[in-house]
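Bear in mind the structure is a predicted one, so any value in this text is a computation, not a measurement.
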Amino acid sequence: MTIKEALQKLEHFCAYQERCHEEVVNKLYSLKMTPDEIDNIVVQLISSNFLNETRFACSFARGKHRIKHWGKVRIVNELKARHITTTNINLALKEISPEEYETTFEQLSQRCWNNLTENNPLKKRKKFCDYMMRRGYESNFVYDKVKDFEKIN
């Protein structure tokens, strides 16, 4: 595959959905490109604004929070796994308003607590905390919420 063909293919790849640098580089390796060709193509994608890591991080954080209801801890870990810089991660977290974050947390925790059919209060507490922390919510939020639910019941 020539550099021009690969560039065209990657432009389409990046235009379809926001991508991080790592995804683009992996795609180029799968197309059997050499490291020099990969560097050349990545530079061209960045200069033509097809590839923008800040834009990717912000889009990723908004989408995962609004659609999958992930907490900030999980979003940060997933962005770090994609080798996104701390600066971009902080910008991405600012995309989630505190009010929206709180509302999502409240709705998700209420739904989770109501759906648990466990009779043993300790097991119910553990299942709730495990679920919410897997979703990426901060442990202090989760433990405060479980105390509130236990006071009510």
Q: Sequence neighbours left out, what passes ring-ring contact (aromatic ring centres under 6.0 Å, His included) with Phe105? Give chain and number order.
A: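 With sequence neighbours excluded, Phe105 shows a ring-ring contact (aromatic ring centres under 6.0 Å, His included) to Tyr137, Phe141, given in chain and number order.
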Q) Can you tell me if NZ on Lys72 sees more than 12 non-hydrogen neighbours from other groups inside 6.0 Å? A)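 Buried by this count: over 12 neighbours within 6.0 Å.
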Q. Got a sec: does the CD of Glu102 have more than 12 other heavy atoms crowding it under 6.0 Å?
A.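 No - once you tally the heavy atoms of other residues, nucleotides and ligands closer than 6.0 Å, there are 12 at most.
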Smallest separation among heavy atoms of [X] and [Y], with atom names:
X	Y	result
Ala81	Glu22	O-OE1, 3.6 Å
Gln44	Leu7	OE1-CD2, 2.8 Å
Met33	Ala6	CE-CB, 3.6 Å
Ile89	Lys80	CD1-CG, 3.7 Å
Ala92	Ala57	CB-O, 3.3 Å
Arg66	Glu100	NE-OE2, 2.8 Å

Q) Donor-acceptor pair, Glu23 side chain versus Cys20 backbone, under 3.5 Å? A)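 Side chain of Glu23 to backbone of Cys20: a pair is present.
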Q.
For the backbone of Arg74 and the side chain of Arg135, can you confirm whether one donor and one acceptor N or O come within less than 3.5 Å of each other?
A.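 Judged by distance alone, no pair lies under 3.5 Å.
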Please examine the side chains of [Y] and [X], heavy atoms only from C-beta on, and report whether any two atoms are closer than 4.5 Å.
X	Y	value
His65	Tyr101	yes
His21	His83	no
Leu108	Tyr131	yes

Determine whether [X] and [Y] fall in the same hydrophobic cluster, where Ile, Leu, Val, Met, Phe, Trp and Tyr are linked whenever their side-chain heavy atoms lie under 4.5 Å apart.
X	Y	value
Val146	Met132	yes
Ile96	Val73	no
Leu31	Val25	yes
Ile84	Leu93	yes
Val43	Leu10	no

Distance, nearest 0.5 Å, that separates [atom1] of [X] from [atom2] of [Y]:
X	Y	atom1	atom2	answer
Arg125	Leu116	CZ	CG	13.0 Å
Asn115	Phe128	CG	CZ	11.5 Å
Phe60	Asn88	CZ	CG	13.0 Å
Leu91	Glu53	CG	CD	12.0 Å
Tyr143	Glu138	OH	CD	12.5 Å
Lys27	Phe13	NZ	CZ	5.5 Å

Check this for me, if you would: do [X] and [Y] make a salt bridge, where the nitrogen-to-carboxylate-oxygen distance has to be below 4.0 angstrom?
X	Y	answer
Arg62	Glu95	yes
Glu150	Lys124	no
Glu78	Arg82	yes

Q.
Using side chain to side chain contact (heavy atoms under 4.5 Å, CB included), reason through Asp36 and Asn40 one step at a time and then give a plain yes or no.
A. CA-CA 6 Å; Asp36 290 338; Asn40 186 1; over 6 Å; no
Q: Would you kindly check if the NZ (Lys) or CZ (Arg) of Lys145 is within the cone defined by 45 degrees around the ring axis of Phe149 and under 6.0 Å from the six-membered ring centre?
A: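 Yes, a cation-pi geometry.
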Q) Are Glu37 and Leu28 close enough, and set up right, to give a side chain to side chain contact (heavy atoms under 4.5 Å, CB included), and what steps lead you there? A) CA-CA 9 Å; Glu37 292 171 330; Leu28 286 165; over 6 Å; no
